[in-house]
**Q** 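Dropping the structure in here first, questions after.
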Amino acid sequence: MRNQEIAKIFYEIANFLRIDGVDFKPYAYEKAAISLEALKEDVGDIYKKGGTKALLEISGIGKNLAEAIEEYLKNKKIKTFEEYKKKLPLKIDELLSVESLGPRKIKILYQKLGVKSLRDLEKVAKKHKVAPLFGFGEKTEKNILEGIKFLKTSQGRMSIGKILPIARDVVEKLKTLKEIKQISLAGSLRRKKETIGDADILVASDNSEKIMDYFISLPGVKKVWAKGDTKTSVRMEAGFDIDLRVVKEKSFGSALQYFTGSKDHNIATRKIAIDKDLKLSEYGVFRGESASWRMIAGKTEEEVYKAIGLPYIEPELRENEGEIEAALNNKLPKIIELKDIKGDLHCHSNWDGGKNSIEEMVKSAMDLGYEYIGISDHTKFLRIENGLDENKLLKQHEAIKKINEKFEKQKIKFRVLHGCETNILNDGSVDIKDEVLAQLDYVIAGVHSSLKMKKKQMMARIEKAMRNPNIDILAHPTGRIVGQRDEYQIDFDKILQLAKETGTILEINSSSRLDLRDIYIRRAKNERVKMIINTDAHKKEQLDLMEYGVSMARRGWAEKSDIINTNSVEGLLKYLK
DNA sequence: GCCGTTTTCGGCCCGACTGTTTTCAGTCG
């Protein structure tokens, strides 16, 4: 899609403009870039149909940007951008990612010292050429060097699965202090983004000093970056930072709303406040004139949203991706919750080299309050995973049947379903005979080999599998692994269309894959394609990963009815049939 | 550069902190 290419250029122009000291235009370019990215149709097609006039219909695109798009479509180049690249030949993204460096300082560094890249920056900072510059100084130079070091070691963001448990543990420990009146996670961690830069924790209290002292003494705290009254930042041994903020109880709700973000959501909510002659900040919602603001809300998020005329918006929806409009029209989705999940259908046992027996997995599933679990071991193509062949699968079928019979006798209302995770081979066939697949309760199929296939070939392969009537669920449909591996060459629109046509259920895999990702979940929901949230547990403890899949589903606006393992076992089996 | 049943001109979110100043610019969230 050319939309993404042009959006990227607009983002870069925005940065150039900032460095050039131009006000407001960067915001316009960025807004245009965002709406291009969100666009379903290719701008090229829109242009072909209606020329620049049609481009003006896109929000955030005016006369000039419509012409810029036209220019790109015609010559693959945008003059403004080319000129800026010559005028300011900098690796801007790289330099902006250094903590404490913004556009203004980058410009000075370029003009005075010729800094064009991270490497240049490191060189001049080490030679102490930065500190003497006007507006810089010793500390700034040191911060720059530390910023570079951080970028090199951590690459910025970690996956939510690594951070959330540690952050929650810190919250639990802080809760033991009687000075704390309220406490919550905030920021992207509360919005459950798949990767997290740093963790934010918000506390309501009148005694910040004691809380900060206790906080920096907690086990796992490696280094204290800064300790203040309202904010303290530490580096954890696990390799990420936690910011702890303390606010007054009367502002806890507005502060939580503010620190949860996202930034774009906050900008939108503040604009709504302004439209209503109100002011929204982290201290509350205020009415009046600048000389005499009167606080009308702030203690809880609910009352903050209510004061500006909105219903409560779940944190996972706060990305300014339409939730504001939905809230204004009372059309917010009732998004799925963890407690809606009645079972997990992608679980491995020790039959394929998983850690726990079927019985142990079943016991853990019962402890979670599930009504059923599906055992879906790997099949024979995956030698390294001890994949099961037809004979073993049939034997396993008998073993599971016996467990169910025992439960029935004991009047235990729990069902073990039998499936398997077959491999979609290069030609689109799967590695277990159809007559055996037909005997199972359900069949999962996934791509586990030849991941680098060209798009056309890969799609033909997946299409053939989805058209196999025995295959119910497409496992980890895009193949990505967070922070590790990008998706296969796929055409997601085509996958959605095939899912609709064949009734194939798309998996939301809760392991480190988090696949489908949130934006795809939202698209699937819009197309009324059914999904299932599974953990892909290879040991019983991993059944707890369900929360992450549910979080992605929530971020994708999925409701209970979009996810089939919110059904009771009868409803589920009917659906799978 | 975009946008508009208050506007085709004058807005564009808001506040704290840092480090550098001596009243504030730049950066961050």
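The chains referred to below are lettered A, B, ... by the order of the sequence lines, with proteins before strands, and numbering in each begins at 1. Every value quoted in this text rests on a predicted model; they were computed, and no experiment measured them.
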**Q** Distance check, rounded to the nearest 0.5 Å: A:T230 atom OG1 versus A:M212 atom CE?
**A**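 A:T230 atom OG1 to A:M212 atom CE measures 6.5 Å (nearest 0.5 Å).
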**Q** Could you tell me whether a side-chain N or O of A:E301 sits under 3.5 Å from a main-chain N or O of A:G253, the two making a donor and an acceptor?
**A** no
**Q** With sugar-phosphate meaning primed atoms plus P, OP1 and OP2, does A:K31 contact a base, only sugar-phosphate, or nothing at under 4.0 Å between heavy atoms?
**A**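 A:K31: no heavy atom of the nucleic acid under 4.0 Å.
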**Q** What integer distance in Å separates A:K231:NZ from B:dC28:P?
**A**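 Rounded to the whole Å, the gap is 11 Å.
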**Q** Quote, to the nearest angstrom, the C1' distance that separates B:dG11 from B:dT7.
**A** 10 Å
**Q** State whether A:Y283 places a side-chain N or O below 4.0 Å from either non-bridging phosphate oxygen (OP1 or OP2) of B:dC14.
**A**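 No, because none of the side-chain N or O atoms of A:Y283 sits under 4.0 Å from OP1 or OP2 of B:dC14.
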**Q** Under 4.0 Å between any heavy atoms, over every strand shown, what does A:N143 touch: base, sugar-phosphate, or nothing? Just pick one.
**A** sugar-phosphate
**Q** How many whole angstroms separate atom CD of A:E282 from atom P of B:dC28?
**A** 17 Å
**Q** Nearest 0.5 Å please: distance from the CG atom of A:D515 over to the CD atom of A:E487.
**A**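 Here the rounded value is 8.0 Å.
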**Q** With heavy atoms under 4.0 Å as the rule, sort A:K63 into base, sugar-phosphate or nothing.
**A**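 Sugar-phosphate contact only - A:K63 comes under 4.0 Å of backbone atoms but never of a base.
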**Q** Mind checking A:T230 for me? I need base, sugar-phosphate or nothing, with any heavy atom below 4.0 Å counting as a touch.
**A**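 Counting heavy atoms under 4.0 Å across all strands, the contact made by A:T230 is with sugar-phosphate only.
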**Q** Please classify the nucleic acid contact of A:I267 as base, sugar-phosphate, or nothing, using heavy-atom distances under 4.0 Å.
**A** base
**Q** Which listed nucleotide (B:dG19, B:dC12, B:dG29) is nearest to the side chain of A:Y27?
**A**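 Of the options given, the side chain of A:Y27 lies nearest B:dC12.
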**Q** Could you say whether A:A28 or A:L280 is positioned toward the 5' end of DNA chain B, judged by the nucleotide with the nearest heavy atom to each?
**A** A:A28
**Q** Which nucleotide sits closest to the side chain of A:P103: B:dT27, B:dG1, B:dT18?
**A** B:dT27
**Q** Look at the rings of A:Y84 and A:F16 and say which category their plane angle falls in: under 30° parallel, 30 to 60° tilted, over 60° perpendicular.
**A** parallel
**Q** Atom CG of A:L55 and atom C1' of B:dG1: how far apart are they, to the nearest Å?
**A** 15 Å
**Q** Of all the choices, B:dC2, B:dC12, B:dC14, which nucleotide is nearest to the side chain of A:S281 once you look at every atom?
**A**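 Of the options given, the side chain of A:S281 lies nearest B:dC14.
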**Q** Is A:K105 touching bases, backbone alone, or none of the nucleic acid, heavy atoms closer than 4.0 Å?
**A**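 Answer is sugar-phosphate: A:K105 comes under 4.0 Å of backbone atoms only.
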**Q** In whole Å, measure the gap between the C1' atoms of B:dG26 and B:dT21 for me.
**A** 12 Å
**Q** Starting at atom CG of A:D275, determine the distance to atom P of B:dC14, rounded to an integer number of angstrom.
**A** 11 Å
**Q** Remember a base hit wins even if backbone is also touched, and classify A:K25 as base, sugar-phosphate or nothing at under 4.0 Å, heavy atoms.
**A** base
**Q** A:L17 CG to B:dG1 P: how many Å, rounded?
**A**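 That distance rounds to 8 Å.
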**Q** Please tell me if the side chains of A:I242 and A:D198 come closer than 4.5 Å, counting only heavy atoms from C-beta onward.
**A** no
**Q** Could you state the CD1-P distance from A:I58 to B:dC2, rounded to the nearest angstrom?
**A** 12 Å
**Q** Would you say B:dG1 has OP1 or OP2 under 4.0 Å from some side-chain N or O of A:N64?
**A** yes
**Q** Using both distances under 3.5 Å as the test, list the Watson-Crick or G-U wobble partner of B:dT8, or none.
**A** none
**Q** Using the C1' atom in both, what is the distance from B:dG29 to B:dC13, to the nearest Å?
**A** 12 Å
**Q** Please tell me which of the listed nucleotides, B:dT21, B:dC13, B:dC2, lies nearest to the side chain of A:I274?
**A** B:dC13
**Q** What contact category does A:F259 fall into here, base, sugar-phosphate, or nothing, at under 4.0 angstrom with non-hydrogen atoms?
**A** nothing
**Q** Expressed in angstrom and rounded to an integer, what is the separation of A:R104 atom CZ from B:dT18 atom C1'?
**A**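 Going from A:R104 (CZ) to B:dT18 (C1'), I get 17 Å.
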**Q** Please confirm whether the shortest side-chain N or O distance from A:K271 to OP1 or OP2 of B:dC13 is below 4.0 Å.
**A**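 True: A:K271 side-chain N/O within range (under 4.0 Å) of B:dC13 OP1/OP2.
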**Q** How about A:L101 and A:L121: do any of their side-chain heavy atoms sit closer than 4.5 Å?
**A** yes
**Q** For the C1' atoms, the ones on B:dG10 and on B:dT6, what distance do you get once it is rounded to whole angstrom?
**A** 13 Å
**Q** In whole angstrom, give the distance that lies between atom CG of A:L101 and atom P of B:dC28.
**A** 7 Å
**Q** With a cut-off of under 6.0 Å to the ring centre and 45° to the axis, is A:R480 in cation-pi contact with A:F492?
**A** no
**Q** Does A:K279 make a side-chain N or O approach to OP1 or OP2 of B:dG15 shorter than 4.0 Å?
**A**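 Checking B:dG15 against A:K279, a side-chain N or O does come within under 4.0 Å of OP1 or OP2.
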**Q** When you compare B:dT8 with B:dC3, how far apart are their C1' atoms, in angstrom units rounded to a whole number?
**A** 10 Å
**Q** Classify A:P26 by what it touches in the nucleic acid, base, sugar-phosphate, or nothing, heavy-atom distance under 4.0 Å.
**A** nothing
